[in-house]
Amino acid sequence: MKTYQSKIEITLKKSVLDPQGTQLQHALSNMGYESVADVRVGKFLEVTLSAANEAEAQTKLNEMCDKLLANPVIEEYKVELIESGAAANVS
Amino acid sequence: MKTYQSKIEITLKKSVLDPQGTQLQHALSNMGYESVADVRVGKFLEVTLSAANEAEAQTKLNEMCDKLLANPVIEEYKVELIESGAAANVS
Amino acid sequence: MSAKPKFAVLVFPGSNCDHDCEYALSEVFDIPVKMVWHKETSLGDVDGVLIPGGFSYGDYLRTGAVARFSPIMEAVQEAAVKGKMVWGICNGFQILLESGLLPGAMLRNDSLKFVCKHVNLRTENNQTPFTSELKKGEVLNIPVAHGEGNYFLEEDKLKELNSNNQVVFRYCDDNGETRAASNPNGSVENIAGICNKEGNVLGMMPHPERACDVLLGSADGRKMFESILKTSLEKVCN
Amino acid sequence: MAVAEELVQITPELLKEHGLTQEEYDKIKGFLKRDPTITELGIYSVMWSEHCSYKNSRPLLKLFPTSGDRLLVKAGEENAGVIDIGEGWAISFKVESHNHPSAIEPFQGAATGVGGILRDIFTMGARPLALMDSLRFGDMNKKQVKGLLTGVVSGIAHYGNCIGIPTVGGELFFDESYDANPLVNVFCLGIVPHERVMRGAAGGVGNPVFYVGATTGRDGIHGATFASEDLTEESEKKRPNVQIGDPFLEKLLMEACLELYETDALIGIQDMGAAGLTCSTCETAARGGAGIEIDVDLVPRRETGMTPYEVMLSESQERMLFICKQGREEEVIAIFKKWDLEVAQIGFVTDDKMVRVKDKGEIVAEVPALSLTDDAPLYHREDKEPENLKELQSFDFNTLKEPVDVAASFKQVLSSLNIASKRWVYQQYDHMVRTNTVLLPGSDASVVYLKEPKKYVAMSMDGNSRYSLLNPERGGKISVAESGRNVVCSGATPLAVTDNLNFGNPYRPEVFWQMKQAVIGMAEACRVFDTPVVGGNVSLYNENPSGPVDPTPVIGMVGLIENKDFITSSWFQNEGDVVIALGENKEELGGSEYIKEVFNKKVGNAPEIDLAFEKQIQDFTLDVIHNNWVESAHDCADGGLAITLAESCFHPKTKWGVSIELPAAQTRTDALLFGESQSRIVLSASPEKAEKILALAKEKGVPAQKIGTVTQENFEIKVDSKEVITEKTENLFQLWNKSLEEKIK
Ligand SMILES: Nc1ncnc2c1ncn2[C@@H]1O[C@H](COP(=O)(O)OP(=O)(O)O)[C@@H](O)[C@H]1O
Ligand SMILES: [Mg+2]
């Protein structure tokens, strides 16, 4: 088993309104950052897990996203895998 | 002016407790994903802005993070810039 | 023979309206209640199940997201299929959405703030076991208390929801008009509560259990409990 | 003894970092009869910090009356006092401050404050039923102040809402003296059957000591010392890792503890708040007259490489320490397991009155328990009246001309942030969960139903820093009088109080003088009203770069309502009801909201307060309420008579009008309308009952006057038959209702 680190970006689908993003954009604009055209707010997860290989890690992470971490009605996700150097090859 | 898209990862500092992450790890483990060793939950922002060049865009984004988007007392951030192909060179 | 229905009230770690629901059912309406811990796998011999409000599992990540994986939720699915009454209030509604028993999802309130106040609801569907004692269009004054009650459903599905008469309550003003100003959370088409096609699964953000005594500001929630009693009575008589 | 831990060189710098003086260090050596280890130094430094030892305030706290017939547990004996309310039931309540943490990280600072006060209450065996918050912020024209307010309010909402305890009331006040140092005081009240009152004491040699709850990390190390220093840029740098609250975990902890109390397996229990494991072990040992031995190696942790020093000083949240009967361990563990909580035995009770800390079996600290608590240093600080005070007090109000347009001033005061509706705040709090909140926020006091003994409790938090600045003794008296008046207006008989003393650096003689005077005033008022102090909290070193915050004694008053018919709100109820004013108008503009808002001055003397007269007014009000003669009762306070009347018109469902006729003023008109004379209450009653009220008042010698009637929609005040204010109530309501929200936008 190896240890993998992963980053998961969870974003609201384009068709879903994002009041938090809208509010941030307003706030930035009030602060003088009028050049900001759009802000969208999502979630960022860092998950550390062990798996036999990269493929397995990726599969598991996708599963977790489908089942729990993201809600397909409103969200999309992207999983990026980083094999953690130091901790690799822990049994 | 060009239009830039950026991705901002905002994460809790390592020394700061992440109750949300801890609970998610428990939940995943209860669902059978015992191989998950750690979960940290942060925010993911997509900011679209116009700037004269990459350097300016980057500077502005860092400023916005320092002032508003991230909470320096407990969070860290990372800005990644993507020059948006299609929308480039809008005045 | 007693026509009283029996109800299960689920208790998740983090549920906090469980006692309020128990109190309303058993103390106010004398309906036998069984508190069911989320780790159990059976609801027992009951006619309905109430999933109470609160912050199950801290509502971390998304409201209701973790709770729906609790062992008891399979029994809830079964009860729904069997046509028993399944009633989700506030966090209970969110759990029903996450578990797919009702369509759609919850977003954060458009104010980005938790909101606790009395709101008005217009009854859209009085054909459910929970609303049979209400008149269509009847306005109820019932409190909401939530941070994520901004109901969302994609447009085509929303059409379907409407044409199936699945919208049960909408936020409205004193006169029953569904205005933007009377929407406490930004939910699509002012939706406050919906049911499944069969009408036996109801999810709603407002808290009728908090409106069973004028002393607490309103007794408009009583009619929902009275509907449940009536429904069971009819079942027994038939 | 063999102290295993490496002896660290103790330098003056190290002492300073620990907030200890050379004199205190010598005292430590005296207790130990040797040099302390670094862990011991840490233990003394937190236990002897102001926050835990009250070393500068204890002599003053002794002035408070602390006994009464109803007290089951007195102030200072335990985490919170316990008061009998009859039928075998008792309530426990207390206030706690989280000022410094909230200044640094408003959301988490306020959230963990709520977590802390809840633990104080359920540690007593009580189920928490209600929260209140008393908040003070700076000038809302400053951006950072808005950020502090929004952060603090959402932090309180986050914690209270999630754990499912309603936040039913509180107070919110703005003044520039709080710019960088907001005050965040939170109050909790819980209910407990007599036989289930728990103690925070260790006992029974060999009984196991358990740790339960969140894992221990490096967060908040030195939090208690940090709270006991001025906030400066320097302290910014050494601030502890911010503690993050986990209300979900606390909910589990609370439910598990309440379940544990149903067994008789428990000996003692104590939360880990300020100074964490150190404080909980030392205090339980000291209270029980016992000793405790623990091994830090057994403490569940979430960070690696923590030293014993760090484990002992960590202020990680949501943790408890308890001692159970030997042989009952499994039963106890099973309860916590059910709630998915981590529980570990970390030690046992001894009989040598020592707190002994081991690390993998080797002793790293061994100190007499009492030397950390009862024998902590005690200082009598120098006190001196501020030099400019006499001058402030004798301010000549003739230099401030009465405004020509009184109605405009009225609207200005009505929409000032201190008077305007606090709806923006309390709507973010779930104030109805548990279905007991009978009188929702917005009225004078909040009223909560106790389902079990079928009684009602009323509660209110009050403090007036402007009065306390101008005359701290009166300010102290008024804080008690006003909270009492609020509770009385809701129909309740006052029972007892908890207090929070928020002051600046006690090493400033002027600050210490303010605190002393305030305490003298509060203590006297508590005696007169027969409301003992059942607990409280002291928060010192509340300072801005420009100086200390205004002195802010805060009172949380609790009263009992035996019968539901007595519950009274501050809102008018029926058209045609007669409006009666109790008490006397004097020409008192000092420290008023009007003078601050319209002239931007904090000058003059605080209003006079005659405690015996106040008591007479309160008793009379209770009598007429209990006779069922009263439709509404509202205490006349901030903003004066005109504001009080307006507020009574703003019923949540119906906006009433009122038609008021005041006789030719003996005073300036602005003093008549906006002066803040004490001991006044505005009642409304049906015409017949109003006659009874007036007759009884005459008989008892209580000043009472019929001043007008409740009408439909116009707010009208005439003085000497001349119209001074005529407005649509609805318009006034909109001004008052939206002011705060618009300011925050
Ligand atoms: N202002 C005060 N008035 C009366 N009692 C007080 C006051 N401040 C603290 N106490 C009492 O002193 C005891 C110890 O203080 P406490 O607040 O429990 O410490 P901690 O901040 O660690 O919780 C408590 O019983 C508390 O009620
Ligand atoms: Mg305490």
Side-chain angles (χ1 to χ4, degrees), chain A residues 1-12 14 18 20-21 23-53 56-57 59-70 75-78 80 84 87 90-91, chain B residues 1-12 14 18 20-21 23-53 56-57 59-70 75-78 80 84 87 90-91:
Chain A
M1 296 292 261
K2 288 187 190 171
T3 301
Y4 293 88
Q5 292 199 335
S6 66
K7 295 178 169 196
I8 306 177
E9 301 170 1
I10 301 176
T11 50
L12 283 175
K14 285 281 165 300
D18 174 13
Q20 213 179 344
Q23 199 200 44
L24 282 179
Q25 195 225 316
H26 282 315
L28 287 169
S29 159
N30 286 340
M31 288 166 68
Y33 297 103
E34 289 101 354
S35 60
V36 172
D38 188 43
V39 180
R40 303 278 293 173
V41 181
K43 286 174 202 145
F44 182 70
L45 271 60
E46 296 166 292
V47 177
T48 311
L49 80 172
S50 56
N53 52 46
E56 188 193 302
T59 313
K60 276 195 190 171
L61 286 163
N62 284 343
E63 262 180 43
M64 291 184 230
C65 283
D66 289 334
K67 283 199 204 159
L68 173 70
L69 302 177
E75 292 170 332
E76 286 164 346
Y77 66 89
K78 217 175 88 187
E80 191 192 327
S84 65
V90 196
S91 92
Chain B
M1 294 294 262
K2 287 187 191 171
T3 301
Y4 292 87
Q5 291 199 336
S6 65
K7 295 178 170 198
I8 306 177
E9 300 171 359
I10 301 178
T11 49
L12 283 174
K14 283 280 163 299
D18 177 9
Q20 194 168 192
Q23 289 305 333
L24 277 181
Q25 193 230 318
H26 284 318
L28 287 168
S29 157
N30 285 341
M31 288 166 70
Y33 298 103
E34 289 102 353
S35 59
V36 172
D38 188 43
V39 180
R40 303 277 294 175
V41 181
K43 277 184 219 139
F44 181 71
L45 271 60
E46 296 166 293
V47 177
T48 311
L49 80 171
S50 56
N53 52 45
E56 188 192 302
T59 313
K60 277 195 189 169
L61 286 163
N62 284 343
E63 268 178 35
M64 293 184 229
C65 284
D66 288 333
K67 286 196 204 159
L68 178 74
L69 303 176
E75 291 171 335
E76 288 166 344
Y77 65 88
K78 217 174 89 187
E80 192 191 328
S84 66
V90 197
S91 91

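Proximity to chain B among residues 23-30 of chain A is limited to Leu24(A), Ala27(A), Leu28(A), judged by heavy-atom separations below 4.5 angstrom.
By number of non-hydrogen pairs under 4.5 angstrom with chain A, the leading residue of Lys60(B), Met31(B), Glu9(B), Gln20(B) is Glu9(B). When each of Ala57(A), Ser50(A), Gly21(A) is checked for heavy-atom pairs under 4.5 Å with chain B, Ser50(A) comes out on top.
Applying the side chain to side chain donor-acceptor pair (under 3.5 Å) rule to Thr11(A) yields no partners; only residues at least two apart in sequence or on another chain are considered.
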In a table with atom names and distances, give each donor-acceptor pair under 3.5 Å that connects a side chain of residues 62-69 of chain A to protein atoms at least two apart or in another chain.
| from | atom 1 | to | atom 2 | distance (Å) |
| --- | --- | --- | --- | --- |
| Glu63(A) | OE1 | Tyr33(B) | OH | 2.5 |
| Asp66(A) | OD1 | Tyr77(A) | OH | 2.7 |
| Lys67(A) | NZ | Tyr33(B) | OH | 3.3 |

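Note on residues 28-47 of chain A: pairs passing salt bridge (charged side-chain N to carboxylate O under 4.0 Å, His left out), not counting sequence neighbours, are Lys43(A)-Glu75(A).
Summarising the geometry of Val36(A) relative to Leu49(B), their closest heavy-atom pair is CA-CB, 3.9 Å, with the distance given to 0.1 Å.
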